[in-house]
2 protein chains.
Amino acid sequence: METTIEAPTRDADRTRAAILHAAQQVFAAKGFAEAGVRDITARAGVNPSLVSRYFGGKLKLFEAALDAALNTRLMTDLPKEQFGKMIVVRFADEDDRVSPLPMMFSAASDREARAVAQRLLRDRVFQPLKNWFGGESADVKAARFMMVSLGFFAYRDQLPLAEFAGRVEPRLRQWLEREFQAIVDD
Amino acid sequence: METTIEAPTRDADRTRAAILHAAQQVFAAKGFAEAGVRDITARAGVNPSLVSRYFGGKLKLFEAALDAALNTRLMTDLPKEQFGKMIVVRFADEDDRVSPLPMMFSAASDREARAVAQRLLRDRVFQPLKNWFGGESADVKAARFMMVSLGFFAYRDQLPLAEFAGRVEPRLRQWLEREFQAIVDD
DNA sequence: TCCTTATGTAAACACTCGTTTACTTACGTC
DNA sequence: GACGTAAGTAAACGAGTGTTTACATAAGGA
């Protein structure tokens with residue numbers, strides 16, 4: 001048996017939070033298009049219609065979920081001396097699948113969802129990163145960071161090709177560390 | 001006025017080819033999920049039902065289109081001394097949007113389409129590349145190539161963030177060239 | 001305690017999609 | 001030149017989607 005936390009049977013805030021939490025997981029796992037409103041609400045244990053009532057529709061829910069993920073993941077809070085090592089730890093070791101970057105792929109198929117993801121990633125990841133890098137080629141550095149990061153997640157999550165799919169092969173990890181570190185050092 | 005080529009009004013091979021050609025463009029432009037059978041057949045000027053008749057369904061058509069794209073794009077036909085420069089030319093300058101790698105993203109949303117893309121990219125891109133690189137870390141090199149390539153296309157096509165979106169900024173291009181060259185040199 | 005209101009549900013709606021079916025028509029053959 | 005077959009079309013089908021509507025009910029103040 002499990003200790004059932006006696007939640008209030010009716011609590012709008014809690015229900016809203018439950019939907020948002022489920023949305024983050026399901027969107028990250030199945031992508032925007034394949035994640036159905038019924039999937040999400042079933043996981044949250046509520047009625048599908050509440051997505052429209054509390055968030056104004058699936059797209060707005062996606063935006064809220066992506067926004068929430070972005071609030072819990074800052075890239076610019078790492079020491080520049082160990083940026084490479086620590087960003088790879090964050091990407092590879094922590095369960096970072098409910099993270100802004102993988103979620104971006106989740107939106108790749110839908111035009112509107114892609115626009116939402118683009119705007120959020122630009123304002124909440126790319127720009128802060130650019131300011132944090134500083135210097136005259138800050139935009140190029142930020143672009144390099146996005147390319148390597150997106151490449152990593154695309155390779156790991158979207159098309160696991162090699163034998164070492166899933167875990168990160170040691171030599172690949174070493175390369176990634178150097179790659180990320182080079183961005184801040186250049 | 002345009003010189004209208006008087007095509008035979010009924011020609012199965014030509015119709016089949018027209019559907020395949022349209023499919024490559026529409027899949028690459030809108031992605032697997034958003035590209036409707038009606039979109040594709042409208043562009044080819046034929047009836048939607050012919051997709052099922054000639055290809056056995058949308059998924060099979062996608063596979064055929066991706067396969068055709070892979071046949072026209074070999075990565076291993078470049079001189080190793082100038083691999084970096086030439087692969088970037090191919091990616092950035094030639095219109096490479098109807099190319100296997102961007103099409104891979106097109107499949108990201110659909111489970112079955114992703115499986116098809118994975119298999120084809122593994123057998124037709126990753127493995128040949130691995131053999132071409134050779135040596136004991138050929139698999140790591142191939143993985144690095146995939147990561148950088150996917151990162152580039154993801155950044156360029158899926159989320160154009162920076163001011164220089166669209167064209168490739170010179171310093172980014174320089175970095176990409178060094179990056180690709182380093183893979184074969186290492 | 002009663003009544004109002006917020007919360008949640010069930011069901012249907014409106015729409016899109018890929019696919020199938022029934023039918024028409026042009027082409028090649030005898 | 002008639003005929004049979006392959007090529008193509010139009011329309012409907014069935015399943016799936018997000019969303020809306022109508023209704024039930026628990027919560028909280030008068």
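Atom set for the values below is all heavy atoms of this structure, side chains included, hydrogens, waters and symmetry mates excluded. Since this is a predicted model, take the numbers as computed values, not measurements. Below, chains carry the letters A, B, ... as their sequence lines are ordered, and counting in each starts from 1.
- Atom-to-atom, CD of B:E34 to P of C:dT16 comes out at 14 Å; the value is rounded to the nearest Å.
- Across the protein-nucleic acid pair, B:F32 atom CZ and C:dC17 atom P stand 13 Å apart, rounded to whole Å.
- For B:N47 and D:dA10, a side-chain-to-base donor-acceptor distance below 3.5 Å is present, hydrogens and geometry of angles not being considered.
- Closest to the B:R53 side chain, of the nucleotides D:dT19, C:dT9, D:dA7, is D:dA7.
- Checked against a 6.0 Å centroid threshold, the rings of A:F180 and A:W175 do not count as neighbours.
- In this structure, CD1 of B:I40 is placed 12 Å from P of C:dC17, rounded to the nearest angstrom.
- Put simply, CG on A:D39 is 12 Å from P on D:dG16, counting in whole angstrom units.
- Relative to the side chain of A:A12, the nucleotides D:dT19, C:dT7, C:dT19 differ in distance, and C:dT7 lies closest.
- For B:T15 and D:dG8, the shortest distance from a side-chain N or O to OP1 or OP2 is below 4.0 Å.
- Ring orientation note: the planes of B:F27 and B:F32 are close to parallel, at an angle under 30° on the 30°/60° scale.
- Between B:F145 and B:F91, the two ring planes are tilted [angle within 30° to 60°].
- Comparing C:dG18, D:dT19, C:dG8 by their nearest atom to the side chain of B:R38 picks out C:dG18.
- For the pair A:G56 and B:G45, both in contact range of DNA chain D, the more 5′-proximal nearest nucleotide belongs to B:G45.
- For the pair B:L50 CG and C:dT19 C1', the interatomic distance rounds to 12 Å; values are reported in whole Å.
- Salt bridge A:R16/A:D11: absent, no basic N to carboxylate O contact under 4.0 Å.
- Which of C:dG8, C:dT21, D:dA7 sits closest to the side chain of B:S49 comes down to C:dT21.
- Residue B:Y54 is classed as a sugar-phosphate contact, given heavy-atom separations below 4.0 Å to backbone atoms only.
- As a whole-Å value, the separation of B:D13 CG from C:dG28 C1' is 15 Å.
- Closest approach to the B:R10 side chain among D:dT19, C:dT19, C:dA26 is made by C:dA26 (side chain taken as heavy atoms from C-beta onward).
- Remark: P of D:dG18 and CZ of A:F62 are 14 Å apart, rounded to the nearest angstrom.
- Between the NZ atom of A:K58 and the P atom of D:dT17 there is a distance of 9 Å, given to the nearest Å.
- Side-chain contact annotation: A:D185 with A:Q181, donor-acceptor N/O pair under 3.5 Å present.
- Note on A:A33: nothing from the nucleic acid sits closer than 4.0 angstrom, heavy atoms only.
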